[in-house]
Amino acid sequence: EPEVTQTPSHQVTQMGQEVILRCVPISNHLYFYWYRQILGQKVEFLVSFYNNEISEKSEIFDDQFSVERPDGSNFTLKIRSTKLEDSAMYFCASSESSPEQFFGPGTRLTVL
Amino acid sequence: QQQVKQSPQSLIVQKGGISIINCAYENTAFDYFPWYQQFPGKGPALLIAIRPDVSEKKEGRFTISFNKSAKQFSLHIMDSQPGDSATYFCAAADNYGQNFVFGPGTRLSVLP
């Protein structure tokens with residue numbers, strides 16, 4: 001069964017450093033999403049991406065964040081200058097057509 | 001208005017019992033209501049979803065009940081098993097499904 005994959009599974013970085021989280025969505029899916037989950041809290045929407053552009057973003061997704069689909073398979077989330085409060089699980093999701101979204105296993109980001 | 005409320009926060013059920021988790025929303029534009037199951041260290045997995053044109057949907061041991069007038073929906077897990085022990089999140093989205101709003105989650109423990 002096709003699934004969303006994410007790398008790395010765990011990323012440790014120093015405050016102020018840039019990180020790139022990578023996702024490979026399910027191959028025939030057209031809609032891509034990033035969510036985050038701070039430890040023990042609910043899943044929060046960050047951004048949705050369709051047709052090579054952002055279709056919706058939340059208040060969390062400020063200028064420090066960016067997304068990109070650099071090739072036909074990868075979907076990335078970049079955080080330019082990480083803060084301590086960026087420490088969380090980051091989930092990528094994809095859907096063939098809204099709204100049924102399938103989530104990846106997540107990347108645990110730890111900012112020191 | 002974008003909030004989804006969920007209760008209880010935690011639930012302990014004996015094996016074979018019925019687990020019931022409730023959610024409520026305010027935004028009448030929401031018309032897609034999925035439930036996700038999350039095991040520790042894993043991404044949320046789509047369990048079952050419903051649209052407001054039906055009042056109930058059943059898949060195996062999992063049933064969603066939907067009350068459009070009350071803006072409430074619930075997940076029932078029949079014959080609960082220890083393997084069902086996980087955190088369950090309800091969510092809501094509009095027809096475009098771009099922005100999932102998640103409830104805070106319910107940690108279910110099924111005792112053997």
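Quick note on labels: first sequence line is chain A, next is B, and so on, each numbered from 1. All values below come from the heavy atoms of this structure, side chains included, with hydrogens, waters and symmetry mates left out.
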Got more than 12 heavy atoms from elsewhere within 6.0 Å of [atom1], [X]?
X: Leu39(A); atom1: CG; answer: no
X: Lys83(A); atom1: NZ; answer: yes
X: Asp63(A); atom1: CG; answer: no
X: Arg69(A); atom1: CZ; answer: yes
X: Gln9(B); atom1: CD; answer: no

Original post:
What's the shortest heavy-atom distance between Leu46(B) and Gln101(A), and which atoms?
Top reply: CB-O, 4.4 Å

Original post:
Looking at Phe91(A) and Gln38(B), what are the two nearest heavy atoms and their distance?
Top reply: CZ-NE2, 3.4 Å

**OP:** Give, for atom OG1 of Thr87(B) and atom CD of Gln37(A), the distance between the pair rounded to the nearest 0.5 Å.
**Re:**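 With rounding to 0.5 Å, OG1 (Thr87(B)) is 8.0 Å from CD (Gln37(A)).
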
Original post:
Looking at side-chain heavy atoms only, is the closest gap between Lys42(A) and Gln6(B) below 4.5 Å?
Top reply: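 No; the side chains remain at least 4.5 Å from each other.
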
Subject >> Linked, directly or transitively: Tyr50(A) and Tyr35(A) (ILVMFWY side chains, under 4.5 Å) >> reply: yes

Original post:
Does Phe103(A) have its ring centroid less than 6.0 Å away from the ring centroid of Tyr36(B)?
Top reply: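 That pair passes the under 6.0 Å test.
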
**OP:** Take Phe100(B) and Tyr33(A) through the side-chain contact (heavy atoms from CB on, under 4.5 Å) test and state the conclusion after the steps.
**Re:** CA-CA 10 Å; Phe100(B) 271 23; Tyr33(A) 314 85; over 6 Å; no

Subject >> Pick from Pro34(B), Gly103(B), Gly41(B), Pro44(B) with the largest number of heavy-atom pairs that fall under 4.5 Å of chain A >> reply: Pro44(B)

